[in-house]
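Let me begin by presenting the structure, written as structure tokens, before commenting on it.
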Amino acid sequence: MRDKPGMGQRRPRVLYLINGFKRGGAEKGVLHLLQHGAFAGCDVRLLSIIADEQGYVEELRSHGATVAHLFSSKSMSIWQWILAIPGFWWAMVRMKPDLVILSLPQANIAGRIATLFCPRLTIASFEHNTHLAKRIYESLFRWTSRRVDWLLADCEATAQAVGSRLYARQPERMIALPLTSFEGAAIRTPPTRDEARPFTIVSAARFTSVKNQAAMIEAVRILREQDRAVQLHLYGEGPLLDRCKQLASHHGLNDRVLFPGFNARWMKAPADIFLVTSEHEGLCIAALEAMSEGMAVVATRVGGLKDYGIPAKMRFLDRGDPTEIADAIVALMDNPSHLATMRQASLATIQHFFSASNVEQRYAAFARDIASLARR
């Protein structure tokens, strides 16, 4: 981001508006964009509605971005959301950005409304998921979608799905920017399985109804009834964490379903399968992180998983119910050679599609697009 523009040429200005700064997801994606050159040569200001958990803030600043928030709270009220509209408008007036990027539903909607009073600005909406949590968000997204010039997404599947579902007209550009990459990605032999430990299944996601962790727990109950030695590790935080813990305890699965909490290096722990039971997804960065460590993936056929799932030889779930999940796990437990093939395919897919050099080429092209706005 600190590359110098040519003589007489000013640095492009980017204003990035977001809900807050959690410890994962879209917020982590902004850091990846900064680290790998998507804003090379630009002045970048990140402005959030709320301070939230302040995840990644110091790292964002260390990469040259200015970071601020409108409110210091950790949770967002409806009044803060409404007041973000004039707050965002004033930030645009002061900075005079060449590009405004909007991320996550509340900031996205507030930012689109604010930009109605700045008609000459180029507006990019960064879409991370194909569905939004509340119907009102989707209605407001469609209503404000005509203000968006560029649709950014973490993968092609997300861009196509969101463009058809949540946009009244197609933006002039649709750009896929994967929000993760892997340094030194190379095909290697997956780590040898330790037969002394239980067959280990992992998932890493926020505990929400969309992620459907309850179905995973019920699947472990079925596997216990079949005398299968399995252990499920559910990493993450979220509103349904306590409910999932109660469900596991209700079934007497405290020794089989573990809740390690948030751990940025969860993918380094030994595991055999990464499990996704989401109703919808974007890129699903967690699945890619698992694949980078040679895990096989069992997943519902949603979002970006459809893009890279075939070369990764994923086992797709049609329904994502407990019985289907349990059957898929048993099939892989009973066929270690096929499991090994899946693990090798995971590593090969990461090397081919998500190596640092591959992703940085896309980012460099995006940085050139931003620079062209400043020259207009």
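Any value given below was found using the heavy atoms of this structure, including those in side chains, with hydrogens, waters and symmetry copies removed.
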>> Checking Leu166 against Leu132 for the side-chain contact (heavy atoms from CB on, under 4.5 Å) test, could you report, in this order, the C-alpha distance in whole Å, the side-chain angles of both residues, the deciding distance, and whether it holds?
In response: CA-CA 9 Å; Leu166 299 178; Leu132 304 183; 4.1 Å; yes

>> Between the side chains of Asp43 and Arg10, is the shortest nitrogen-to-carboxylate-oxygen separation below 4.0 Å, so that they form an ion pair?
In response: no

Beyond-backbone contact of [X] with [Y], side-chain heavy atoms, under 4.5 angstrom:
X: Arg142; Y: Glu138; result: yes
X: Gln160; Y: Met174; result: yes
X: Leu121; Y: Arg147; result: yes
X: Leu60; Y: Val30; result: yes
X: Phe199; Y: Val330; result: no
X: Lys211; Y: Phe207; result: no
X: Leu347; Y: Gln344; result: yes
X: Arg197; Y: Asp272; result: yes

With hydrophobic residues grouped by side-chain heavy-atom distances under 4.5 Å, do [X] and [Y] end up in a single group?
X: Leu283; Y: Leu104; result: yes
X: Leu47; Y: Val67; result: no
X: Phe39; Y: Leu102; result: no
X: Val14; Y: Ile123; result: no
X: Phe262; Y: Val276; result: no

Partner set under ring pair (Phe, Tyr, Trp, His ring centres under 6.0 Å) for [X], not counting sequence neighbours:
X: Tyr308; value: Phe354
X: Tyr363; value: His32
X: His280; value: His131
X: Trp81; value: Tyr137

With a cut-off of 3.5 Å and sequence neighbours excluded, list every side-chain donor-acceptor pair involving residues 234-245.
unit_1, atom_1, unit_2, atom_2, d
Glu237, OE1, Arg23, NH2, 3.3
Glu237, OE2, Arg23, NH2, 2.2

[X] to [Y] - nearest heavy-atom pair and separation:
X: Phe274; Y: Ser203; answer: CE1-CA, 3.8 Å
X: Thr277; Y: Asn212; answer: OG1-O, 3.1 Å
X: Gly111; Y: Met92; answer: O-CE, 4.0 Å
X: Arg228; Y: Asp334; answer: NH1-OD1, 2.8 Å
X: Val202; Y: Ala271; answer: CG1-CB, 3.6 Å
X: Ile370; Y: Cys42; answer: CG2-SG, 3.7 Å

Atom pair [atom1] ([X]) and [atom2] ([Y]), whose distance is rounded to the nearest 0.5 Å:
X: Lys74; Y: Ile50; atom1: NZ; atom2: CD1; answer: 10.5 Å
X: Met314; Y: Ser346; atom1: CE; atom2: OG; answer: 6.5 Å
X: Thr144; Y: Tyr167; atom1: OG1; atom2: OH; answer: 8.0 Å
X: Leu70; Y: Trp90; atom1: CG; atom2: CH2; answer: 13.5 Å
X: Met216; Y: Leu232; atom1: CE; atom2: CG; answer: 7.0 Å
X: Leu179; Y: Phe126; atom1: CG; atom2: CZ; answer: 4.0 Å

>> Is there a side-chain contact (heavy atoms from CB on, under 4.5 Å) between Trp150 and Ile101? Walk through the geometry before answering.
In response: CA-CA 9 Å; Trp150 296 359; Ile101 301 178; over 6 Å; no

>> Walk me through whether Ile273 and Leu339 qualify under side-chain contact (heavy atoms from CB on, under 4.5 Å).
In response: CA-CA 9 Å; Ile273 289 176; Leu339 181 63; 4.3 Å; yes

> Within 45° of the axis and under 6.0 Å from the centre of the six-membered ring of Phe141, does NZ or CZ of Arg112 qualify?
Replying inline: yes

>> Check whether Phe366 forms a cation-pi arrangement with Arg173 (NZ or CZ under 6.0 Å from the six-membered ring centre, at most 45° off the ring normal).
In response: no

Is the backbone of [Y] close enough, under 3.5 Å, to the side chain of [X] for a donor and an acceptor to pair up by distance?
X: Arg13; Y: Met95; value: yes
X: Arg362; Y: Pro178; value: no
X: Asn358; Y: His352; value: yes
X: Lys96; Y: Val93; value: yes
X: Glu281; Y: Thr158; value: no
X: Glu127; Y: Leu151; value: no
X: Gln170; Y: Gly163; value: yes

> Quick one: are the ring centres of His69 and Phe71 less than 6.0 Å apart?
Replying inline: no

> Run the side-chain hydrogen bond (donor to acceptor under 3.5 Å, both in side chains) check on Ser73 and Gln80 step by step: do they pass?
Replying inline: CA-CA 10 Å; Ser73 58; Gln80 288 169 334; 3.0 Å; yes

>> Out of the candidates Glu218, Gln231, Arg224, only one should pair with Leu253 under the side chain to side chain contact (heavy atoms under 4.5 Å, CB included) rule; please name it.
In response: Arg224

> Does a sphere of radius 6.0 Å around CZ in Arg169 hold more than 12 heavy atoms from other residues, nucleotides or ligands, not counting ones at 6.0 Å or beyond?
Replying inline: yes

>> Take a 6.0 Å sphere around CD1 of Ile310 and say whether it holds more than 12 heavy atoms from other residues, nucleotides or ligands.
In response: no

>> Assess the residue pair Thr122 and Asp149 against the criterion (side-chain hydrogen bond (donor to acceptor under 3.5 Å, both in side chains)); give the C-alpha distance rounded to whole Å, side-chain angles, the decisive distance to 0.1 Å, and a yes or no.
In response: CA-CA 6 Å; Thr122 298; Asp149 302 298; 4.7 Å; no

For residues 300-307, tabulate all N or O donor-acceptor pairs below 3.5 Å that involve a side-chain atom, not counting sequence neighbours.
unit_1, atom_1, unit_2, atom_2, d
Thr300, OG1, Ser278, N, 3.4
Thr300, OG1, Ser278, O, 2.8
Asp307, OD2, Ala157, N, 3.2

> If you measure only the distance, is there a donor-acceptor pair under 3.5 Å linking the side chains of Ser103 and His128?
Replying inline: yes

>> The test is side-chain contact (heavy atoms from CB on, under 4.5 Å); show your working for Trp266 and Glu289 and say whether it passes.
In response: CA-CA 9 Å; Trp266 64 268; Glu289 291 173 333; 3.4 Å; yes

